[in-house]
Amino acid sequence: MDFSVKKLASDAGVFFSRAVQFTQENLGQAEKTELDAHFENLLTRADNTKNWTEKILHQTEVLLQPSPSARVEEFLYEKLDRKAPSRVTTAELLGQYMTEAANDFGPSTPYGQTLIKVGETQKHLGAAERDFIHSSSINFLTPLRNFLEGDWKTIAKERRILQNRRLDLDACKARLKKSKAAEAKAALWSDEVDKAEHELRVAQTEFDRQAEVTRLLLEGISSTHVNHLRCLHEFAEAQATYFAQSYQYMLDLQKQLGSSRAELFPVGNTDPASQPLSSSPPPATLPVLQVASSNPGEVPLNPVEVTPPVSGTRKARVLYDYEAADITELALFADELITVYSLPGMDPDWLVGERGNKKGKVPVTYLELLS
């Protein structure tokens, strides 16, 4: 019992001494032991690493899961050390609705068939997104969290200890200074000087030891950067794979829709009811297969049967592969150069392209027109 009381009294005395030293330092009434410049740089780099890691971690979580409520739910499951239930992505849910709508409208109807095709693509996109989220969570988010919840907490703890050791050291220096000042007035204070010098040596030893421990931990931040660099590469590769898969799925869908659109809207069809609802053609991902005539009663132009104008032709570089939907179109291959020109009455989103003795319509969005 006496030992516990003495220990509590000692701890209270140390805490009070540190509080007095800290207050006097802030008021400019006490000297403060400064760390060397290299140590201060290590501290700054550690703080920056912690702050930017928190920001990158949070924003990556937002990227992978935009819903705040879903992120909170996943956080709670993680803290409870339980596996979160598998969540359907928005693309997968959209694909499911499209498939159900197709079954309701009739899967054999043109609208139902297209709903099924687009719905299946959405499901593939959703599955690819789920794989990307899973891979990024394991290979990128988890290492960042482990640093903040493990290494950084250890660093922060040792820095607090170092701060206390520094306060103890400076308090001992202040006591020794007072003892020496009193000794000059009375020889009776010599014992106090010896005691203060002993306490200072002990405090200096403990401070130096703690400074070395903290320095080693701070220098370990370099290894943290190397580890996070590797994780960042894996995140970028996973994201590139996801986008490449998505691009391929959309290319396949484009080809399917192009073929079905050619059957629904043949080139010679001038019935206004069969035209697309929009007055302007959709983007190149859903290519317009008809070259409209400027006069409703006039037969549409067939670029295969016309000759190029004397002037107005120019070169164009093909940006993406394009599969011709019918004989009036020209298939394109990425990076090739072709000659293009426009004909009177053509839709402005299309040009006539020539490669050797082959010609046909080509979508402008697939080209880079050269001067």
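Legend: residues meeting side chain to side chain contact (heavy atoms under 4.5 Å, CB included) with Val364, ordered by chain and number and at least two apart, are Leu351. Shown here are the ring-ring contact (aromatic ring centres under 6.0 Å, His included) partners of Tyr247, two or more places apart in sequence or in another chain: there are none. For Tyr242, the ring-ring contact (aromatic ring centres under 6.0 Å, His included) partners are Phe132, not counting sequence neighbours. With sequence neighbours excluded, no residue forms a side chain to side chain contact (heavy atoms under 4.5 Å, CB included) with Asp104. Partners of Asn227 under the side-chain hydrogen bond (donor to acceptor under 3.5 Å, both in side chains) rule, at least two apart in sequence or in another chain, are Arg230. With sequence neighbours excluded, the residues forming a side-chain hydrogen bond (donor to acceptor under 3.5 Å, both in side chains) with Ser222 are Arg45, listed by chain and number. With sequence neighbours excluded, the residues forming a side-chain hydrogen bond (donor to acceptor under 3.5 Å, both in side chains) with Gln96 are Glu100, listed by chain and number.
Cluster annotation: Ile138 and Ile133 are assigned to distinct hydrophobic clusters (Ile/Leu/Val/Met/Phe/Trp/Tyr, side-chain heavy-atom contacts under 4.5 Å, transitive). Phe243 and Leu63 fall within the same hydrophobic cluster, defined by Ile, Leu, Val, Met, Phe, Trp and Tyr side-chain heavy atoms under 4.5 Å apart, directly or through other members. Cluster membership check: Leu330 shares its hydrophobic cluster with Leu369, using side-chain heavy-atom separations under 4.5 Å among Ile, Leu, Val, Met, Phe, Trp and Tyr.
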message = Quick one, Leu232 with Glu237, criterion side chain to side chain contact (heavy atoms under 4.5 Å, CB included). Give me CA distance, side-chain angles, the key distance, then yes/no.
response = CA-CA 9 Å; Leu232 185 60; Glu237 290 175 3; over 6 Å; no
message = Is there a side chain to side chain contact (heavy atoms under 4.5 Å, CB included) between Asp170 and Arg166? Walk through the geometry before answering.
response = CA-CA 6 Å; Asp170 290 336; Arg166 205 255 324 146; 2.7 Å; yes
task = Please report the C-alpha distance between Gln210 and Glu158 in whole Å, then the side-chain angles of each, then the deciding distance to 0.1 Å, and finally whether the side chain to side chain donor-acceptor pair (under 3.5 Å) criterion is met.
result = CA-CA 8 Å; Gln210 185 59 36; Glu158 297 301 330; 2.6 Å; yes
request  = Could you check Asp252 against Gln256 for side chain to side chain donor-acceptor pair (under 3.5 Å), going step by step and ending with a plain yes or no?
outcome  = CA-CA 6 Å; Asp252 294 341; Gln256 295 179 49; over 6 Å; no
ask   = Does the side chain to side chain contact (heavy atoms under 4.5 Å, CB included) test come out yes or no for Leu319 and Leu367, once each step is laid out?
value = CA-CA 5 Å; Leu319 300 176; Leu367 305 174; 5.8 Å; no
request  = Any chance you could lay out the side chain to side chain contact (heavy atoms under 4.5 Å, CB included) test for Asp335 and Val318, step after step, and finish with the verdict?
outcome  = CA-CA 5 Å; Asp335 295 328; Val318 177; over 6 Å; no
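Across all their heavy atoms, Ala46 and Leu218 have their closest contact at CB-CD2, 3.6 Å. Contact between Glu329 and Ala325 at its shortest, heavy atoms only, is OE1-N, 3.0 Å. Between Gln245 and Ala128, the shortest heavy-atom contact is OE1-CB, 3.4 Å. Minimum interatomic distance between Arg355 and Leu332 (heavy atoms only, all atoms of both residues): NH2-CA, 4.0 Å. In terms of heavy atoms, Phe207 sits closest to Leu162 at CE1-CD1, 3.7 Å. Between Asp349 and Asp347, the closest heavy-atom pair is N-OD1, 2.9 Å.
Of the N and O atoms on the side chains of Thr33 and Lys173, at least one donor lies less than 3.5 Å from an acceptor on the other residue.
Put simply, CD1 on Ile155 and OG1 on Thr214 are 9.5 Å apart, with the number rounded to the nearest 0.5 Å. A distance of 5.0 Å separates CD of Glu206 from CZ of Arg165, quoted to the nearest 0.5 Å. With rounding to the nearest 0.5 angstrom, the CG atom of Leu229 is 12.5 Å from the OG1 atom of Thr224. Within the model, atoms OG of Ser135 and CZ of Phe235 stand 9.5 Å from one another, a figure rounded to the nearest 0.5 Å. From Arg159, atom CZ reaches atom NZ of Lys157 across 15.5 Å, with rounding to the nearest 0.5 Å. Note that SG of Cys231 and CG of Leu141 are 10.0 Å apart. Values are rounded to the nearest 0.5 Å.
Using a 4.5 Å heavy-atom cutoff, the side chains of Trp152 and Asp47 are in contact. Inter-residue side-chain proximity for Arg314 and Val340 is flagged as met; some heavy-atom pair is nearer than 4.5 Å. At a threshold of 4.5 Å between non-hydrogen side-chain atoms, the residues Ile338 and Glu354 do not count as touching. The shortest distance between side-chain heavy atoms of Arg175 and Lys177 does not fall below 4.5 Å. Side-chain contact between Leu94 and Met98 is present, with at least one heavy-atom pair separated by less than 4.5 Å. Proximity of Leu35 to Leu43: side-chain heavy atoms (C-beta onward) are separated by under 4.5 Å at one or more points. Looking at heavy atoms from C-beta onward, Glu219 lies in side-chain contact with Leu42 at the 4.5 angstrom threshold. The shortest distance between side-chain heavy atoms of Leu343 and Trp350 does not fall below 4.5 Å.
The neighbour count for His225 NE2, taken as heavy atoms of other residues, nucleotides or ligands under 6.0 Å away, is above 12. Around the OH atom of Tyr320, the shell of radius 6.0 Å holds no more than 12 heavy atoms that belong to other residues, nucleotides or ligands.
Glu92 has no carboxylate O lying under 4.0 Å from a charged side-chain N of Lys123, or vice versa, which leaves the two without a salt bridge. For Arg215 and Asp208, the salt-bridge test fails: no basic side-chain N is under 4.0 Å from an acidic carboxylate O.
Grouping Ile, Leu, Val, Met, Phe, Trp and Tyr by side-chain contacts under 4.5 Å, direct or through others, leaves Ile116 on its own. Taking Ile, Leu, Val, Met, Phe, Trp and Tyr as members and joining any whose side-chain heavy atoms lie under 4.5 Å apart, directly or through other members, the hydrophobic cluster of Leu337 also contains Leu370. In this structure, Val88 shares a hydrophobic cluster with Leu93, Tyr97, the cluster being traced through Ile, Leu, Val, Met, Phe, Trp and Tyr side chains under 4.5 angstrom apart. In the hydrophobic clustering (ILVMFWY side chains linked at under 4.5 Å, chained through shared members), Phe333 stands by itself.
The backbone N or O of Ala334 lies less than 3.5 Å from a partner atom in the side chain of Asp321, making a donor-acceptor pair.
Ring geometry, Tyr366 versus Tyr322: the interplanar angle exceeds 60°, so the pair is classed perpendicular (tilted spans 30 to 60°).
Residue pairs meeting the salt bridge (charged side-chain N to carboxylate O under 4.0 Å, His left out) criterion with at least one partner in residues 48-60, sequence neighbours excluded, are Lys50-Glu54.
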